[in-house]
K.L.:
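Below you will find the structure I want to go over with you.
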There are 2 protein chains.
Amino acid sequence: MPVNVLAPGDLVRDGNDMPGHLARRFQQIAVAVFLTEVGDAGYDLTPVQYAALVAIKSNPSIDQVRLAGLIAYDRSTITGVIDRLVQKDLVARSSSSRDRRARELTITEEGERTLRGITPAVEAAQRIMLRGLTDEEGAELMRILRKAIAAGNELSRAPLRNTALDQRRQG
Amino acid sequence: MPVNVLAPGDLVRDGNDMPGHLARRFQQIAVAVFLTEVGDAGYDLTPVQYAALVAIKSNPSIDQVRLAGLIAYDRSTITGVIDRLVQKDLVARSSSSRDRRARELTITEEGERTLRGITPAVEAAQRIMLRGLTDEEGAELMRILRKAIAAGNELSRAPLRNTALDQRRQG
DNA sequence: TACTGATATTCAGTATACTGAGCAATATTA
DNA sequence: TAATATTGCTCAGTATACTGAATATCAGTA
C-alpha cells in the first residue's frame, strides 16, 4: 500500500498515485507540450508523425513494418500516420520492386526542410516537459524509464525492434 | 545502444531517446500490462475506466466535470467513459436536482463487487510494469514523475483539479 | 509444382485524447 | 429584471493505439 501524504480535505485517495496513472499523466503533458511548442513554431506535426519522419530520414526506403519496429508503433496504426505524412508531402510512399507487398518510404525535400526547421521547437518541448526537475532528476528519470521500457518491451503489441540487428532470419 | 549520459542540448540526438518518446513507450507498456492482467482475471475494464470507477466510489454523487478534474481527464472524453461504465452497470448516472445541467454519478453494487475483485490484478499490473527496476528505482521513478507532473499540470487541457480545495469560487 | 506457412499491408471496430463549437442552465452584474 | 458571463455537458472531427481478420505476396518444402 503506497504511503500517500495528501492535504487535509483532499478527496483523492490512492487512485492517482499508481505507476500506470503517473505514466498516463506524464504522457498527456508531454504530448500537449510538444503540440504547443511545434504549433507555436508554425508547424503542424504530432509527436508520432515527428518520430516517424526522423526514422524515415535515417532509413531511406524502409518499409512500414520495419519502421513500426524502429519506433515501437503498431503495424495497423502506422498506415494512418504515413497517410498523413504523405498527404502533407513530407514523405513519399511507393511499392517496392523486390517485394510487391511492401511499401518503401522516403523523406521528401519538404520533409527535410520541416525536420530542420522544427528541431528547436522539439528541443524546447523536451526541456519544458522536464521543467520542475533538476538536471540530475531529469537524467535519472530517463535512465529509469529506459530500463523499465527495456524490461517490458515485449509486453505491448508494438515492441521496439532493431531492424539492423533483426535476428528473425537467423533464428 | 542509446547513449547513457545526455547533455542538456542533446535531447534530440536519438529519436527514441527523448523524454517524450520514453513517456509514450512506458505508457504503452503500462496499458498493455493492465489490460492483460485485468483480462486474465476475467474482467473487461480499461485503465481509464478503472480510475474513474475508483474516483466515483470515493466521491458519491460527484458530477462529471469534477470527476474529470480528479483524475485529469478531458471533459469531452469522460462522456464516453461514463457511457461504457453505465452500460456495464458499474455506475449509475442521474440528473442533479440542485443543478439540472449536472449529472450525478454513483457506483453500483456490481461496481463495488468489480472493484473488490479486480484489485489483485491491478496491483499485479503495477508491479509488472515496474519489473526490471529495483524497489528503490521504482520509488524514485514515481517520485520524479509526480514532481514533473505537478510542474506541468496546467500544460494539458485536462489538468488535475482537487475539487475539495477548488479555489475558483474564492479566487 | 502444389502446398503450407510466414509476411506486409489494410480494414472494421473499439477506446482514449483533444479542438472547437453548441445547447441548456446557472450565476453575476449592470 | 435584463443582459452577460460562466458552467456542465455533448457532439463532430481528427489522431493515436489495439484486436482480429482479410488480402496479397513471398518463402520453404514435399
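Computed from heavy atoms alone, side chains included, the values below leave out hydrogens, waters and symmetry copies. A, B, ... follow the sequence lines: proteins, then strands. Residue 1 opens every chain. Computed from a prediction, not measured in an experiment: that's the story for all the values here.
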K.L.:
Going by heavy atoms in the side chains, are A:T106 and A:V91 under 4.5 Å from each other?
P.N.:
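No. Closest side-chain heavy atoms not under 4.5 Å.
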
K.L.:
Mind checking A:T77 for me? I need base, sugar-phosphate or nothing, with any heavy atom below 4.0 Å counting as a touch.
P.N.:
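Here A:T77 touches the bases of the nucleic acid.
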
K.L.:
Between C1' on C:dT9 and CG on A:D83, what's the gap in Å once rounded to a whole number?
P.N.:
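The distance from CG of A:D83 to C1' of C:dT9 comes to 11 Å, rounded to the nearest Å.
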
K.L.:
For C:dA8, take OP1 and OP2 only and decide whether either is under 4.0 Å from a side-chain N or O of A:R100.
P.N.:
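Answer is no, no contact under 4.0 Å.
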
K.L.:
If we count only N and O atoms by modelled type, under 3.5 Å, do the side chains of A:R25 and A:Q28 hold a donor and an acceptor together?
P.N.:
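Result is yes, a qualifying pair exists.
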
K.L.:
Less than 4.0 Å between a side-chain N and a carboxylate O, is that true for B:R101 and B:D63?
P.N.:
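Between B:R101 and B:D63 there is no salt bridge, as every charged N stays at least 4.0 Å from the carboxylate O atoms.
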
K.L.:
Between D:dA17 atom P and A:I82 atom CD1, what is the distance in whole Å?
P.N.:
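To the nearest whole Å, that distance equals 13 Å.
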
K.L.:
Measure the spacing between CD1 of B:I56 and CD1 of B:I107 and express it to the nearest 0.5 Å.
P.N.:
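With rounding to 0.5 Å, CD1 (B:I56) is 7.5 Å from CD1 (B:I107).
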
K.L.:
Could you tell me how far apart B:R157 (CZ) and D:dT14 (P) are, to the nearest whole angstrom?
P.N.:
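My rounded result for the distance is 16 Å.
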
K.L.:
Quick check on D:dC18: is either OP1 or OP2 less than 4.0 Å from any side-chain nitrogen or oxygen of B:Q28?
P.N.:
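For D:dC18, OP1/OP2 do have a side-chain N/O of B:Q28 under 4.0 Å.
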
K.L.:
Which whole-number value in Å describes the distance from B:L155 CG to C:dC18 P?
P.N.:
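Interatomic distance, CG of B:L155 to P of C:dC18: 12 Å.
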
K.L.:
Does a side-chain N-to-carboxylate-O contact under 4.0 Å join B:K57 and B:E112?
P.N.:
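Yes, charged N to carboxylate O under 4.0 Å.
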
K.L.:
Could you tell me whether B:R143 and A:E137 make a salt bridge, using a distance below 4.0 angstrom between a side-chain N and a carboxylate O?
P.N.:
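Yes, this pair counts.
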
K.L.:
For C:dC18, take OP1 and OP2 only and decide whether either is under 4.0 Å from a side-chain N or O of B:S76.
P.N.:
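It does not, given that no N or O in the side chain of B:S76 lies less than 4.0 Å from OP1 or OP2 of C:dC18.
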
K.L.:
May I ask you to decide whether B:E104 forms a salt bridge with B:R98, counting only side-chain N to carboxylate O separations under 4.0 Å?
P.N.:
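Looking at B:E104 and B:R98, the cut-off is met.
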
K.L.:
Tell me if the side-chain of A:R101 makes a donor-acceptor pair with the base of C:dA8, cut-off 3.5 Å, by modelled atom types.
P.N.:
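Not at all, since no donor on one side and acceptor on the other fall under 3.5 Å apart.
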
K.L.:
Ignoring backbone atoms, establish whether B:T46 has a side-chain N or O less than 4.0 Å from OP1 or OP2 of C:dT16.
P.N.:
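Indeed, a polar side-chain atom of B:T46 lies that close.
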
K.L.:
Between B:R98 (CZ) and D:dT7 (P), how many Å, whole number?
P.N.:
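About 17 Å, once rounded to whole Å.
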
K.L.:
With a cut-off of less than 4.0 Å, is there a side-chain N or O of A:Q49 near OP1 or OP2 of D:dT16?
P.N.:
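Checking D:dT16 against A:Q49, a side-chain N or O does come within under 4.0 Å of OP1 or OP2.
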
K.L.:
Just to confirm, is there a sub-4.0 Å distance from OP1 or OP2 of C:dT10 to any side-chain nitrogen or oxygen of A:T79?
P.N.:
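Answer is yes, contact under 4.0 Å.
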
K.L.:
Starting at the 5' end of DNA chain C, which residue's closest nucleotide do you reach first, A:D63 or A:R25?
P.N.:
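Checking each residue's closest nucleotide, the 5'-ward one belongs to A:D63.
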
K.L.:
Can you check the A:Q87 CD to D:dT14 C1' distance for me, whole Å?
P.N.:
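One finds 11 Å between C1' of D:dT14 and CD of A:Q87, rounded.
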
K.L.:
Looking only at side-chain N and O atoms, does A:Q64 come under 4.0 Å of OP1 or OP2 in C:dT7?
P.N.:
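For A:Q64, the contact criterion (side-chain N or O under 4.0 Å from OP1 or OP2 of C:dT7) is not met.
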
K.L.:
Hey, does B:V31 reach any base, or is it just sugar-phosphate, or nothing, if we go heavy atoms under 4.0 Å?
P.N.:
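No contact.
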
K.L.:
Indicate, with a heavy-atom threshold strictly under 4.0 Å, whether A:D74 touches base, sugar-phosphate, or nothing.
P.N.:
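Base: the residue A:D74, judged by heavy atoms under 4.0 Å, touches a nucleobase.
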
K.L.:
I want to confirm an ordering. Mapping A:P47 and B:D99 to their closest nucleotides on DNA chain D, which one lands closer to the 5' end?
P.N.:
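It is B:D99, whose closest nucleotide lies nearer the 5' terminus.
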
K.L.:
Just checking B:A32: base, sugar-phosphate only, or nothing, at a heavy-atom cut-off of under 4.0 Å?
P.N.:
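B:A32: no heavy atom of the nucleic acid under 4.0 Å.
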
K.L.:
Considering only heavy atoms and no angle criterion, is a donor-acceptor pair shorter than 3.5 Å present between the side chain of A:R75 and the base of C:dT9?
P.N.:
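No, no donor-acceptor pair under 3.5 Å.
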
K.L.:
Where each residue is assigned the nucleotide of DNA chain C containing its nearest heavy atom, which of A:I78 and B:G80 is assigned the position nearer the 5′ end?
P.N.:
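Upstream on the strand: A:I78.
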
K.L.:
What integer distance in Å separates A:I62:CD1 from C:dT9:C1'?
P.N.:
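Distance, rounded to whole Å: 15 Å.
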
K.L.:
Could you give the CG-to-P distance, from B:L85 to C:dT14, as a whole number of Å?
P.N.:
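Answer to the nearest Å: 17 Å.
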
K.L.:
Between A:K88 and B:R103, just flag the one whose closest nucleotide in DNA chain D comes earlier from the 5' side.
P.N.:
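With A:K88 and B:R103 compared, the 5'-side residue is B:R103.
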
K.L.:
Please classify the nucleic acid contact of A:R24 as base, sugar-phosphate, or nothing, using heavy-atom distances under 4.0 Å.
P.N.:
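Sugar-phosphate contact only - A:R24 comes under 4.0 Å of backbone atoms but never of a base.
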
K.L.:
From the options C:dA8, D:dT19, C:dT16, select the nucleotide whose nearest atom is closest to the side chain of B:V81.
P.N.:
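Nearest to the side-chain atoms of B:V81, counting from C-beta on, is C:dT16.
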
